Amino acid sequence: MERLNDEVADLLQEYADLIAITGGDAFKVRVYEKAARSVGGYSQDISGLDERALRGIPNVGASIAAKIDEYVHTRAIHQLEELRARVPAGVRQLTTVPTLGPKKAMVLYQERGIDSVESLERAIHAGELQGLHGFGAKTEENLLHGIQVLSKAGRRVHIGLAMGLAEDIVARLAAVPGCDRCAYAGSLRRMKDTIGDIDVLAAGDDSAPLMAAFTSLSCVTEVIARGETKCSVRTPTLQVDLRVVARDSWGAALQYFTGSKAHNIRTREIAVHRKLKLSEYGVFDVTSGDLIASAREEDVYEMLGLPWIPPPLREDSGEIEAAMLGELPDLVTSAGIRGDLHIHTDLTDGLASLEEMVAAASALGYAYVAVTDHAPNLYMQRMTDAKALDQRGQVRRLRDAYPGMALLHGAELNIGPDGDVDWPPEFLAGFDLCVASVHSHFTQSRAEMTRRLVRACENPYVTIIGHPTGRVIGRREPVDADWEEVFRACARTGTALEIDAFPDRLDLPAGLARRARDHGLLFSIASDAHAVPHLAGMRYGVGTAQRAWLDPDHVINTWPLPRLLEFLRR
DNA sequence: GCCGTTTTCGGCCCGACTGTTTTCAGTCG
């Protein structure tokens with residue numbers, strides 16, 4: 001599954017960590033971190049690039065290109081091996097403990113021979129840190145607590161879970177008297193598929209009531225830190241950070257707390273080049289110290305000579321360069337979604353009836369909806385030819401009740417281990433559209449899985465490949481396939497790829513979807529709803545599509561009905 | 001170690017909070 005790019009990105013990040021632990025130049029650490037991100041996000045596979053071409057990757061110069069080249073040819077980087085010999089892997093692992101960074105980790109290793117989280121815990125209990133410079137009683141306590149947190153939580157959750165918690169907290173803080181504005185920022189605003197913590201921003205003249213309301217929320221299990229304007233708490237699922245700013249700083253603060261860290265470093269560098277300083281308090285003129293912009297995010301970007309950049313793009317993965325050139329994509333939005341092309345009813349594994357699902361889709365203002373229940377090869381769903389035909393009749397009869405919305409009758413076919421799907425061509429021809437998905441045999445070899453998906457694309461009745469990687473966040477790994485090969489098959493056959501919007505799927509993931517976009521492919525963003533509330537999950541699919549830089553033209557369910565129907569008939 | 005509409009050398013993002021350091025380093029975001 002892993003591209004060589006990801007493998008090398010991990011190695012460069014490890015090299016950066018080891019330089020930091022061994023007390024190397026902090027700027028060098030940053031360079032390797034930046035290079036790791038650049039390589040990981042580079043659209044081309046680096047395995048075919050020579051040193052010259054490698055230097056064409058942003059933040060990769062002669063030295064790092066040589067290391068990558070060495071790895072491609074020998075599967076090792078000798079400087080990295082030398083650092084590994086000096087610093088046991090467990091010492092790097094130590095820095096994953098909250099409050100324990102590279103400096104303290106190295107002190108622990110050098111002064112006490114501590115080389116793992118386990119040995120750190122033992123050493124603290126045995127009193128072996130006593131007398132160690134910089135390690136007082138409170139530090140010991142914090143480290144023990146950090147180890148506990150690491151073993152228990154330390155896990156990211158899917159965006160649906162985080163969004164529910166965040167929206168609840170935002171609503172409660174917004175209701176506090178004196179709160180001018182309140183919003184979530186961070187990776188949640190950037191619509192990442194998994195969330196490690198929630199960042200909440202509030203504006204008000206007096207921070208005290210907001211901080212008090214925040215720390216006394218019923219979901220709070222522990223207050224980690226509490227200052228004048230900044231407060232961190234733990235909840236059973238995630239850490240939540242609140243920052244309170246003055247109303248006039250709202251735009252600058254939102255820009256800062258939305259991140260990503262890498263994006264912020266770039267925007268601050270741009271500010272420095274313009275003799276400006278950018279912080280969460282605003283854009284300042286370095287010479288005069290005057291505040292130039294801070295009220296709105298748009299103002300902040302404008303002072304940097306940039307258009308406002310949509311949060312899902314803010315990963316330093318090309319958005320700064322595109323913004324400078326005026327070439328930011330015209331992103332697909334929730335408002336642009338005209339219909340849902342993948343929903344289930346209680347005829348198979350859905351919870352709601354056909355009538356309920358269609359009524360709910362209509363209430364969302366959709367211009368069309370496709371009912372796509374499972375097909376017979378998914379045996380536990382007990383679908384039959386007769387049931388499918390009967391449902392088609394029901395769908396046809398319902399049409400009169402929804403003059404403003406087209407009702408399409410489709411199916412979610414099962415892609416068998418060999419790439420075959422349910423039903424013969426003459427039966428498939430009766431559907432308005434067919435989504436085809438992998439539901440079993442997830443562990444086939446890359447070659448088998450690739451052939452399986454390519455064969456499904458080649459079936460003339462398959463319009464869309466559903467949840468292509470089959471991943472379930474936190475529960476099932478994506479299948480292993482040669483995605484470039486699959487994308488070429490999609491391009492050849494005109495098959496669209498689904499971005500399944502179910503929050504624990506988000507499949508295709510954004511990274512793969514962006515690569516698929518480079519092949520000029522088409523996408524369907526679909527809820528895969530199995531109940532009425534699931535239809536609202538569309539927003540997470542849209543967020544994923546935005547992170548993949550998709551514009552409406554690439555997304556078939558933003559198209560007006562006539563264009564969609566023409567595409568389905570091809 | 002990378003990079004260049006001030007620079008091929010000399011810069012490299014900014015601030016809050018904590019703990020222990022009697023004036024600031026480490027960590028985090």
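Letters A, B, ... mirror the listed sequences (proteins, then strands); counts begin at 1. Computed from a prediction, not measured in an experiment: that's the story for all the values here.
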Under 3.5 Å, which N/O atoms of the protein pair with N/O atoms of nucleotides 5-9 of chain B?
| from | atom 1 | to | atom 2 | distance (Å) |
| --- | --- | --- | --- | --- |
| dT6(B) | O4 | Lys275(A) | NZ | 3.0 |

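- Residue Lys34(A) contributes atom NZ, which lies 12 Å from atom P of dC12(B) at whole-angstrom precision.
- A donor-acceptor contact closer than 3.5 angstrom links the side chains of His554(A) and Asp551(A).
- Separating the OG1 atom in Thr235(A) from the CD1 atom in Ile198(A) is a distance of 6.5 Å, to the nearest 0.5 Å.
- Put simply, CZ on Arg55(A) is 11 Å from P on dC3(B), counting in whole angstrom units.
- The base of dC14(B) lies close enough to the side chain of Arg268(A) for a donor and an acceptor atom to sit less than 3.5 Å apart.
- Residue contacts shown for Val97(A) are limited to sugar-phosphate atoms, with no base heavy atom under 4.0 Å away.
- Across all strands shown, dT8(B) forms no Watson-Crick or G-U wobble pair with both key distances under 3.5 Å.
- Backbone-only contact: Lys103(A) has heavy atoms under 4.0 Å from sugar-phosphate atoms and none from a base.
- Separating the CD atom of Gln255(A) from the P atom of dC14(B) is a distance of 13 Å, rounded to the nearest angstrom.
- Distances shorter than 4.0 Å separate some side-chain N or O of Thr139(A) from OP1 or OP2 on dT20(B).
- Between Ser63(A) and dG1(B), a side-chain N or O to OP1/OP2 separation shorter than 4.0 Å is present.
- Picking from dC14(B), dT18(B), dC13(B) the nucleotide with the shortest atom distance to the side chain of Asn142(A) gives dT18(B).
- With rounding to whole Å, Asn59(A) atom CG is found 21 Å from dG11(B) atom P.
- Looking at Glu140(A) and Asn142(A), their side chains never bring a donor and an acceptor atom within 3.5 Å of each other.
- In this structure, the separation between CG on Leu242(A) and CD1 on Ile169(A) is 9.0 Å, given to the nearest 0.5 Å.
- Within the nucleic acid shown, Arg243(A) comes within 4.0 Å of sugar-phosphate atoms alone, with no base atom in reach, counting heavy atoms only.
- Heavy atoms of Ala137(A) sit under 4.0 angstrom from primed sugar atoms or phosphate atoms, though from no base atom.
- In the interface, the side chain of Lys261(A) is paired with the base of dG29(B) through a donor and an acceptor atom under 3.5 Å apart.
- Atom CG of Asp241(A) is separated from atom P of dT27(B) by 18 Å (rounded to the nearest Å).
- The distance between atom CD of Glu33(A) and atom P of dT27(B), rounded to the nearest whole Å, is 14 Å.
- Judged purely by distance below 3.5 Å, without hydrogens or angles, the side chains of Ser38(A) and Asn59(A) pair a donor atom with an acceptor atom.
- Residue Tyr32(A) is classed as a sugar-phosphate contact, given heavy-atom separations below 4.0 Å to backbone atoms only.
- Atoms CG (Asp25(A)) and C1' (dC2(B)) sit 11 Å apart, rounded to a whole Å.
- Of the side-chain N and O atoms in Thr229(A), one or more sit less than 4.0 angstrom from OP1 or OP2 of dC17(B).
- Summary of the strand contacts: Ala62(A) and Phe27(A) both lie near DNA chain B, and taking for each the nucleotide with the nearest heavy atom, the more 5' one is attributed to Ala62(A).
- To the nearest angstrom, P of dC17(B) lies 7 Å from CE of Met211(A).
- Out of dC14(B), dT18(B), dG1(B), the shortest distance to the side chain of Lys28(A) is found at dG1(B).
- Side-chain atoms of Tyr256(A) and base atoms of dG29(B) include a donor and an acceptor less than 3.5 Å apart.
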